[in-house]
Amino acid sequence: MKEFFKYFADIFTGVRSLLIGMSVTGKYFFSPGQIVTQQYPENRKTLKMYDRFKGEVIMPHDENNHHRCTGCAICELNCPNGSIEVISARIDGPDGKKVRIIDQHIYHLGMCTFCSLCVKTCPENALAFGQEFEHAVFDRTVLTKILNQPGSSILKEIA
Amino acid sequence: MKEVIHTPVPLVEEEEYHINMGPQHPSTHGVLRLVVTLQGEIVKSLKPHCGYIHRGIEKMCEKDTYPQIIHLTDRIDYLSAHINNHAVCLLVEKALEIEVPERVKYVRTIMDELARIQSHQLWWASFGMDLGGLTCFFYGLRDREKILDIWEETTGARFLQSYYTPGGLLWDIHPNFQKDVKAFIKYFRKKIRDYDNILSGNVIFRERSRNIGLMSKEDAISWGVTGPSGRGSGWSCDVRKHHPYALYDKVDFKEILYTEGDTLARYLVRMDEMRESMNIIEQLIDNIPEGDFTAKMKAVIKLPAGEYYQRVESARGDLGLYCISDGNKTPYRMKFRTPSFSNLSVLDHISRDLKIADLVAIGGSLDLVIPDIDR
Amino acid sequence: MTSNIYDNFVASLTQSIHEWLYHVMPPTWALISEMTIIGLVFLLFYALVGLFLVYAERKVCAFMQNRVGPNRVGPYGIFQTIADFIKLLMKELITIKNSDKLLFNIAPFIVIIASFMAIAAIPFAKGLHAIDFDIGILYVIAVSSLGVVGILLAGWSSNNKYSLIGAMRSGAQIISYELSVGMSLLTIIILAGTMQFSEIVQGQEYGWFLFKGHIPAFIAFVVFLIASTAETNRGPFDLAEAESELTAGFHTEYSGIKFAFFFLAEYMNMFIVASIGATVFLGGWMPFMVHGWDGFNTVMNYIPPSIWYILKTGFIIWLMMWFKWTFPRLRIDQLLTLEWKYLLPINLFNILLMAFIVLMGWHF
Ligand code: SF4
Ligand code: SF4
């Protein structure tokens, strides 16, 4: 007799649990307001990444095309996978001595793992993270970037 | 040319055959290959083949400085990246005898618990999918997204954060951090009820997981199954309780233990752990003290020569870091004792004489992360 | 009997086509062209319904999962399935080296023909069906279960272990659940007293059988829903596919249009069982009418019968989608336990109950 009741109790609890499950999906089916999908290419205009988002490493330049990099190559030293190559040059300084300046600050975006060590350790805070994230390209040489802009020079206060 | 047929597991009986689950199979969640010996639909034995995603992280560590190692540990068990980072940081701090500021400990504990919740959410999602409930996958990922957003705002990355540095944090928490975390807890306390309604209580799920993949406490200990999987067998193995680090000796939390040792118990441990993690975060989030976000560190970190070992409780279990230093700025040898590897080893033992469908369920309940196995 | 205003329209349309054909050609040719026309119409209908159901399923599951679903091809993504179909048409048909070529190629056609044959007997509106058998229900049950032969062949001939396991599971499943589908329909046949679809629908003029037969009919309806979901190999009974266990089950090795056939057949089978369910339990194309409420009945009559039919079928299809996107999959032994330990005894008892109720005249 006990078995007999258990049989029906099983059916009842089973069906009940199924209905509870269905109520969850049913609830979401009838509340389209809860949809969480982002319409990505359409919302490009309004899409704003967080300030700290690590999209790529950039070297900020001010309006006079000055950057802060001294070419000390500490970032190159700290990069775990050789994504940065610093090529420095020596020019005649104002007082006649040779001064080291940055010639090319080469950054291989394709190899970067966004560990933030370069940004963190740069003594002059010359590097930062950019918010750009659409990095898909057909040719990977495009991903090798020269961070200091052509014709740029170092900020006077630092030099 | 004569064909060479490679049989990794000898067939012992008639009517047995092999089936290759993986390296591309929907339920192995990555490139794990299980050579399963079947009789009809009954699993007779299975042999895991690892190494498809071996990247040599341990070897790479030998050429990297300690701060650089951090970003590699992200990639071992990518679902508990924060916790892996934490292990390296604790190891270095222990070796150098550095006391990190209180604020750092708070933030690290909160971040670790967020990582645990996030990892369990993804596990729940994919476990539901393994059992055929595809909707679970989307609910799990939907809620996980909130944590990823919180992380993105503070650490700049959603997945591989590399947020901890030896001695502290990369940068301070974002001003919105506390507000967001509190909002998330409030949100997730509601949503976790959906999880229970749609899967935990479901009769099909209960029947499919109860008494499946029984693992006794002895099994768990002898195979070294740690983490939620081990605690589902009643083995109290929570590193947070037994070897507390960060703030785990200060906060008040329960170690979740179930004694049944079946798939359902392992499932319930994780569900309860998510709730417990939320309790931990709630205790801490309002009390984060002001202060520095990093201790004073030398520019070049060199550990004194010697051997070091550091354990943390990652979302999958006991993560051990063994390091030999010869006094240089790079370690002489680095070894990771990853939880998924030993958790995988028990799979053969507990899934024998069950069906393929059970194998999938058990594999899901062990919560394997393949890069964690292969390193 | 209230005559529906749309009845004459369908009848006169078919009648005029019929007369015109016999007018312009000899009777044999007229008959052949009539058949061809009907065949083509059904073929078109089949493809359209299949494509639409795939789209509907994707939208329904998306909404249940807090997503938007397809929304790129055309407004609200309505052309998505057509685009997918074109893609499948252009894909390479991979032939497997050690497969049984003949069976491998035939299998998708068996599956699709079985579901195609079943549509013939379904009444879409008064007088709008290809054939009105007096054993309509028997015919549909018989024909729709032919599809499993195709699934078995597909699994066997692919020479793939996953496929074979899937096929064997599917065989066990259909043989068991066929029983429950038949018995739950039998319950209603007792109430209706006929197996002919047109008469079954007529019998539900004032009250669908779901209401007329109250308790036993309701139980039969639930059993029918469960068993027919299982018979169409849909989740939570999709053990033959079981993508997380068997990658894709019986159609693992199929590609391109042959895969599309299996895919289409799955949705058409769903449509067919939903139609049967709607016809037998919910009154088919019959509007919702209550005896004595003449005003109400006239209003209901203004809605064309085909719309009623589509609404009811759509409702059942939606229910089946709801099941699929909520529940985890059963294991093979649980599947059989459910059938032999629960559904079958309940069903047998239910038939007795229904017979008793009909005898005593306790139905409405
Ligand atoms: S970016 Fe910074 S660290 Fe790198 S070379 Fe320039 S100044 Fe030095
Ligand atoms: S973020 Fe890390 S990997 Fe990338 S360039 Fe900087 S140091 Fe190198």
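Letters A, B, ... are given to chains in the order of the sequence lines, protein chains preceding strands, and every chain is numbered from 1.
- Atom CZ of C:Phe349 sits in a sparse spot, with 12 or fewer heavy atoms from other residues, nucleotides or ligands closer than 6.0 Å.
- With a 4.5 Å cut-off on non-hydrogen atoms, C:Ile332 touches chain B through its side chain but not through its backbone.
- Nearest heavy atoms, C:Arg329 versus B:Gly132: NH2-CA, 3.6 Å.
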Practice problem: Verify salt bridge (Lys or Arg N to Asp or Glu O under 4.0 Å) between C:Arg169 and B:Glu41, making sure each step is shown before the conclusion. | Solution: CA-CA 10 Å; C:Arg169 283 181 177 187; B:Glu41 255 197 67; 2.8 Å; yes
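- If you tally non-hydrogen atom pairs under 4.5 Å between each of B:Phe137, B:Phe205, B:Tyr139 and chain C, the highest count goes to B:Tyr139.
- The contact between B:Arg208 and chain C is made by backbone and side chain atoms together, counting heavy-atom distances below 4.5 Å.
- Going from atom CD1 of B:Ile204 over to atom CG of C:Leu335 covers 10.0 Å, rounded to the nearest 0.5 Å.
- C:Cys61 places none of its side-chain heavy atoms less than 4.5 Å from the side chain of B:Thr135.
- Most heavy-atom pairs under 4.5 Å with chain C, from the set B:His25, B:Glu207, B:Lys355: that is B:His25.
- Of the atoms belonging to C:Gln334, it is side-chain heavy atoms, and not backbone ones, that fall under 4.5 Å from chain B.
- Only the side chain of B:Leu199 comes within contact range of chain C, judged by heavy atoms closer than 4.5 Å.
- Atom CZ of C:Phe218 sits in a sparse spot, with 12 or fewer heavy atoms from other residues, nucleotides or ligands closer than 6.0 Å.
- Closest of all the heavy-atom pairs between B:Tyr17 and C:Lys161 is CD1-CD, 3.5 Å.
- Within 6.0 Å of NZ in C:Lys91 there are 12 or fewer heavy atoms belonging to other residues, nucleotides or ligands.
- Listed options B:Ile198, B:Ile356, B:Ile19, B:Asn20 were ranked by heavy-atom pairs under 4.5 angstrom with chain C; first place goes to B:Ile19.
- Around CZ of B:Phe188, the count of heavy atoms belonging to other residues, nucleotides or ligands within 6.0 Å exceeds 12.
- Counting heavy-atom neighbours within 6.0 Å of B:Lys182 NZ, excluding the residue itself, gives a total above 12.
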Exercise. Take B:Phe138 and C:Asn66 through the test side-chain contact (heavy atoms from CB on, under 4.5 Å) and record every step on the way to the result.
Key: CA-CA 8 Å; B:Phe138 292 93; C:Asn66 281 357; over 6 Å; no
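- The part of B:Ile212 that comes within reach of chain C is its side chain, from C-beta onward, which places non-hydrogen atoms under 4.5 angstrom from that chain.
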